[in-house]
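Read the numbers this way: they start at 1 and go in the same order the structure lists the ligands and their atoms. Numbers here are sequence positions counted from 1.
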Amino acid sequence: MKKVITYGTYDMLHYGHIRLLERAKALGDYLIVGVTADDYDKSRGKINVQHSLSERIEAVRATGIADEVIVEEYEGQKIDDIQKYDIDIFTVGSDWVGVFDYLNEYCKVIYLDRTQGVSSTELREKKSFLTLGVVGNSLYLNKVVHEVSYVNGIKITGICTDNLDIFSDEVKNIEFATDSLEELAEKCSALFVHSNPANHYHDIKKLLELKKHILCEAPLCLNAEQWDELHKLAVKNRCVLMDGLRTAYSTAFHRLLLLAKAKKIGKIYSIDVTCTSLKRNSEDFRSSISDWGPTAMLPVFQILGVDYKQKIITSHYSDKDKKIDTFTKINFIYPDAVASIKVGNGVKSEGDLVISGTEGYIYVPAPWWKTDYFEIRYENLSDNKRYFYQLDGEGIRAEFAVFSKTISNGSDYIYIDDVVSREICQIVGEVSAGKDVVMI
Ligand code: CTP
């Protein structure tokens with residue numbers, strides 16, 4: 001019996017896939033199809049696959065062409081599979097010509113002509129075509145504009161800023177620039193807002209009234225009442241309103257939360273988070289609590305919740321109006337745990353995250369907010385576990401892929417609980433107003 005194997009993502013299964021599978025089957029008597037796992041796809045840069053692994057497997061099965069469907073989970077697996085299943089022919093489409101020649105050592109390699117005029121990328125772009133406007137004067141927009149170009153289905157159509165000169169050529173080349181939010185809103189269906197947090201509430205409200213989807217750098221606003229109002233308006237106008245907090249959307253951070261909740265380190269008694277920088281956003285200087293606070297509070301609230309008994313805030317303000325804190329430390333005291341966040345914009349420290357439990361601790365090295373790696377450490381060193389997940393474009397790509405998917409599919413997964421997003425706004429607002437702050 002001649003055995004054939006082929007691999008692919010098979011996202012949004014299309015005619016090109018079916019033709020490939022039919023021809024692959026015709027090369028032998030038994031066809032095995034390897035469908036790529038989500039993590040493996042992410043590690044090779046395919047971040048916005050629309051269908052889940054089980055849906056993609058089901059779609060391939062439903063064609064009735066494959067005799068067996070397997071999952072491709074790691075780099076190098078093809079060699080293992082060829083040996084394990086005693087494969088005679090490896091085949092893929094001609095877009096891969098040359099790439100798999102090394103497999104000739106193990107079996108015959110055949111490249112089949114790719115069907116012209118159809119691809120998952122194209123279908124994804126059609127399905128989730130988003131025209132995006134970006135708003136703000138922060139140089140962070142340079143990174144965003146660059147990274148978004150890697151996400152299928154999003155086109156940046158305009159920018160709203162009053163200081164275009166500071167940006168990279170890539171940003172300056174965006175086809176439409178204005179200093180009017182309303183004018184920009186006319187050119188797009190969704191917006192990314194990275195303006196001064198004090199303006200977020202008004203900007204978001206205006207944009208939601210115009211029925212635009214919004215991804216806004218956290219905090220979304222500066223108190224819980226404003227948060228409630230904005231979310232009500234978003235629901236009423238069927239708009240997505242999402243926190244821009246790239247750490248939340250990274251696979252590593254998401255998995256870390258699941259492991260913590262699955263009690264891998266036992267009962268959690270303490271969380272210590274530090275986020276600092278010396279010259280962050282100097283062109284648009286923000287206080288340390290608004291710049292770093294949302295990121296620092298994220299693991300605390302996602303793990304311990306927001307029902308703390310007491311918080312003790314200590315800040316240092318650099319300016320005479322006491323508006324901009326260059327350093328803030330907050331201790332949250334829960335009935336059975338304690339958490340401490342340390343944020344600085346002008347004070348530097350080790351930016352790591354430590355979650356302490358009764359059986360061990362989770363350690364994320366600096367800069368923990370760009371999490372691609374963490375460890376679970378136990379008393380017995382040989383029990384320690386290391387976890388690594390690919391993070392492309394500092395997490396910005398994943399963040400925008402989730403934004404685009406949430407708009408096209410309705411929210412299919414919650415990355416930041418509403419109560420967490422709301423509490424973050426309330427605390428950033430309180431510290432910014434100096435409420436109950438011990439000054440140093
Ligand atoms: N394929 C093909 N003709 C097409 C599209 C895909 O023959 N028009 C083949 C690929 O060469 C590969 C298999 O189908 O052998 C699975 O491809 P996959 O990467 O899942 O599909 P694409 O549509 O190429 O996906 P993407 O746009 O995400 O790269």
Side-chain angles (χ1 to χ4, degrees), residues 3-28 30-75 77-79 81-82 85 87-104 107-130 148-155 390 392-393 397-398 400-402 404-405 408-409:
K3 287 175 112 179
V4 182
I5 197 160
T6 188
Y7 295 85
T9 306
Y10 299 101
D11 189 26
M12 311 180 81
L13 195 91
H14 55 69
Y15 172 64
H17 292 144
I18 292 170
R19 276 202 66 225
L20 187 286
L21 293 176
E22 283 170 348
R23 285 173 295 152
K25 175 74 186 249
L27 292 172
Y30 190 84
L31 176 66
I32 301 179
V33 179
V35 179
T36 46
D38 296 335
D39 280 348
Y40 180 56
D41 267 329
K42 280 183 197 151
S43 75
R44 58 195 194 118
K46 274 203 186 188
I47 48 160
N48 53 349
V49 170
Q50 296 289 309
H51 290 158
S52 67
L53 174 61
S54 53
E55 287 168 328
R56 292 182 287 115
I57 289 176
E58 222 17 76
V60 170
R61 257 205 202 112
T63 64
I65 305 168
D67 295 288
E68 193 172 341
V69 181
I70 60 169
V71 178
E72 185 183 25
E73 289 172 288
Y74 56 90
E75 224 173 326
Q77 184 182 323
K78 294 184 178 73
I79 297 176
D81 289 342
I82 289 168
Y85 296 104
I87 297 297
D88 301 286
I89 297 173
F90 167 91
T91 185
V92 276
S94 51
D95 40 329
W96 296 100
V97 166
V99 177
F100 296 109
D101 288 358
Y102 69 92
L103 294 174
N104 271 313
C107 67
K108 190 169 176 190
V109 174
I110 298 179
Y111 299 103
L112 294 169
D113 282 344
R114 191 181 157 90
T115 305
Q116 295 306 307
V118 59
S119 76
S120 303
T121 303
E122 220 173 84
L123 293 175
R124 279 195 289 268
E125 282 184 356
K126 273 193 199 141
K127 178 172 179 236
S128 58
F129 191 73
L130 256 197
V148 165
S149 65
Y150 292 93
V151 184
N152 293 159
I154 303 184
K155 182 175 188 300
Q390 183 86 13
D392 288 309
R397 292 182 208 176
F400 279 84
V402 171
S404 147
K405 220 171 174 176
S408 53
N409 300 354

Solution key, residues 91-100 side-chain donor-acceptor pairs under 3.5 Å, sequence neighbours excluded:
residue, atom, partner, partner atom, Å
T91, OG1, I110, O, 2.8
S94, OG, R114, N, 2.8
D95, OD2, R114, NH1, 2.8

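- For ligand 1, the protein residues placed under 4.0 Å by at least one non-hydrogen atom are G8, T9, Y10, H14, G16, H17, L20, K46, V92, G93, D95, R114, T115, V118, S119, S120, T121, R124.
- Every residue was checked against the salt bridge (Lys or Arg N to Asp or Glu O under 4.0 Å) condition with K108, not counting sequence neighbours, and none meets it.
- Here the side chain of E122 pairs no donor or acceptor atom with the backbone of S119 at under 3.5 angstrom.
- Each salt bridge (charged side-chain N to carboxylate O under 4.0 Å, His left out) pair with one or both residues in residues 47-60, not counting sequence neighbours, appears once here: D38-R56, D41-R56, E58-R61.
- D67 contributes a side-chain N or O that, together with a main-chain N or O of L31, makes up a donor-acceptor pair within less than 3.5 Å.
- With respect to the salt-bridge test (charged N to carboxylate O, under 4.0 angstrom), the residues R23 and D113 do not qualify.
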